[in-house]
Protein chains: 2
Amino acid sequence: MASIREVAKLAQVAPSTVSRALNSSGYVAEETREKIKAAVAELDYVPNQWIRNLYRQSTGIIGVVAPGLIHPFFSSLWNHLELELRKFGYNMMLCSTGGDEQREREYLDTLERNLFDGVIDGAAVLPDENYAKLEKPIVFLDRIVPGIPVVSSDHRQGGELAAKKFLECGCRKVLHTVGDRQYRLQSHEGDDALDRYLQEHGVETIREEVSWDDTTDYASCYKLTKKLLTAHPDVDGVLASDLQAAAFLKAAASLGIDMPGKLNIIAYDGTFVTDFNSTTPTAIVQDVRTIARQTVAVLLKRINGQQLAQDQIVVPITLVEGETTNRTSFKAK
Amino acid sequence: MASIREVAKLAQVAPSTVSRALNSSGYVAEETREKIKAAVAELDYVPNQWIRNLYRQSTGIIGVVAPGLIHPFFSSLWNHLELELRKFGYNMMLCSTGGDEQREREYLDTLERNLFDGVIDGAAVLPDENYAKLEKPIVFLDRIVPGIPVVSSDHRQGGELAAKKFLECGCRKVLHTVGDRQYRLQSHEGDDALDRYLQEHGVETIREEVSWDDTTDYASCYKLTKKLLTAHPDVDGVLASDLQAAAFLKAAASLGIDMPGKLNIIAYDGTFVTDFNSTTPTAIVQDVRTIARQTVAVLLKRINGQQLAQDQIVVPITLVEGETTNRTSFKAK
DNA sequence: ATGAAAGCGCTAACAG
DNA sequence: CTGTTAGCGCTTTCAT
């Protein structure tokens, strides 16, 4: 790896002149420029970007903290984030915590101590105070902490869309799986909205708290869903994330439950995995691309020191009708 | 961000002493150590890791070049790679090329010019000569280039396992999808082995070349498989990657083809997505975890300047019997 | 238009 | 045991 000094020596100029020529900053005589160009070619000189970063105090790398890479919703989110960051000349360092506190802490530490330009935390599971001392521009996904910008789907809308669909289908008892409630997440709004709306309309709801494994690992999902369907035989509506919904579908079939006659299932997320099923589920679809776009937009504003109009950004969500909910409802009249 | 000099000043010692105290390299009097500790605490000093890297000429970050993050086989591979790298104290920077040459080139360039400790390229689609000048320790996945270590599944074994199964099922005409053949990939061995074995036993085979999209995007998969099944109505065996296999299954069902009576399907990869189907496919399962482990092992050897026993490492592969191949074959007698 | 010199924040070699 | 000095590879004044 040739250094700038070697180039300078060969071109018989000072290192600073080479620097200027290469960055086209400041004046360099055409003749000198030529000599330098020749020397660069001869030595196959490539400036060490790392060192440049040292001066610029920036690397063009954004750290992304993820709970996992396999879950279809997240893998597709990271994919879109990468594309979006690339658009603005940034690279992405992807860190996966597996939902573990300690690992998140370690990663945040690494990201803080290195010259990363910013952080996107999609796996924030630490108490609020841990985030207070972070100096880097940061954006959260879903997790709400005062003073930190957060991007997420409009889960309240998602919950309501699902609730309305269940009502249309004439459901009387709806079960939905919810995550841990220890910290404030935007997605909790969805659970609350669902319950509120359904209960206002006289429909019973059951919340079933599930672990991260139960939403990520299909085998766990399947075991869980079978258990739930057995424990609550009178449930006629289910809202659960894609994988779980797929598992519910399979489990219900194996239990001989008539669908969608006796059981309406709505999948939350609407990633590509729902396509596999022989029956296409009705799904609440998150707009991953827009989430990625907004997240990057917010982060860049932070990096450039601009003010944000709002700390919380919610992205609209849609319901896509499939075959797992009753079409012959009174809505269709 | 306090610097080491500020700490030194506050503790009334030289920066180098602080450095020694913090790295516990060299002698520091207990008393001095205390003073320094106090100063560090007072200023909330955190050493700038980035700068340290400059001296160590290493960052602890490995660049991973991926064709994509969504495809289940890859997302699970990146996940395991991350875990494995973490085990050895490394972080992973994940770059996704979408299979694009230009993007691979750009990423390799970035990785070379920055202080990454090594590169794992799972999306190598450039002509061989592009890799000759790479100076960083590198490992390829699947792609074979002389002089560069490569890790992959034992696809030859995979091809043969599939072939034997098709024979057992009494297939007479087997279709399999293959990728681009422009460069040498270990996975081509699988296609070749399948053809060879089947043809030796008098079974006709059809290769169908497919694009990256046709293996990644489910909608594309489905369109493709429907077309193929219509074009080759007499095919009684199909080998295709998970997503495609799922699509074949759905397409065949929609065309009213009797399965597995008239059509035996084997899914290649065996990722979690195959679980979703109401029918569990027979699958050739890649051992992602071992691939990840071997890849990291090879890379670390390279980083530490150790010799490799061999340039090509192949990881055993297995066939898992499912419901999409005929069990009542003459093997069962 | 060019070069010398200072410095980014830290470490390592060497005196003392 | 501790401080001084030099330097990682580059950029950026500031003279000339």
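Order of the sequence lines fixes the chain letters, A, B, ..., with proteins taken first and strands second; residue numbering starts at 1 for each chain. When reading the values below, keep in mind they use all heavy atoms of this one structure, side chains included, and skip hydrogens, waters and symmetry mates.
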For this session: Please check if the side chain of B:Gln312 supplies one atom and the backbone of B:Pro149 the other of a donor-acceptor pair under 3.5 Å.
Result: no
Exercise. Is a side-chain donor or acceptor of A:Asp128 paired with a backbone partner of A:Pro146 at a separation under 3.5 angstrom?
Worked result: no
Exercise. Within 45 degrees of the axis of the six-membered ring of B:Tyr27 and under 6.0 Å from its centre: does B:Arg20 put its NZ or CZ there?
Worked result: no
Exercise. Does the B:Asp117 side chain pair with the main chain of B:Gly60, one donor and one acceptor, at a distance under 3.5 Å?
Worked result: yes
For this session: Write down the distance between CD1 (B:Ile4) and C1' (C:dG7), rounded to a whole number of angstrom.
Result: 16 Å
Exercise. Applying ring-ring contact (aromatic ring centres under 6.0 Å, His included), which residue pairs with at least one partner in residues 57-80 of chain B are found, sequence neighbours left out?
Worked result: B:His71-B:Phe74, B:Phe74-B:Trp78, B:Phe74-B:Trp212
Exercise. Starting at CG of B:Asn114 and ending at C1' of D:dC10, how long is that distance when rounded to a whole Å?
Worked result: 14 Å
For this session: Measure from CZ on B:Arg52 to C1' on D:dG7 and round the result to the nearest Å.
Result: 18 Å
Exercise. Taking CD from A:Gln49 and P from D:dT11, how many angstroms apart are they, rounded to a whole number?
Worked result: 9 Å
Exercise. Between B:Asp100 (side chain) and B:Gln102 (backbone), is there a donor-acceptor pair under 3.5 Å?
Worked result: yes
Exercise. Whole Å only: how far is the CD atom of A:Gln57 from the C1' atom of C:dG7?
Worked result: 12 Å
Seminar exercise, completed: Whole-Å distance, B:Arg113 CZ to D:dC10 C1', equals 13 Å
Exercise. Which residues within residues 13-41 of chain A lie with some heavy atom under 4.0 Å of an atom in DNA chain D?
Worked result: A:Ser16, A:Ser19, A:Asn23
Exercise. Given atom CG of B:Asn48 and atom P of D:dC8, what is their separation to the nearest angstrom?
Worked result: 19 Å
Exercise. Can you check the A:Gln12 CD to C:dG3 C1' distance for me, whole Å?
Worked result: 14 Å
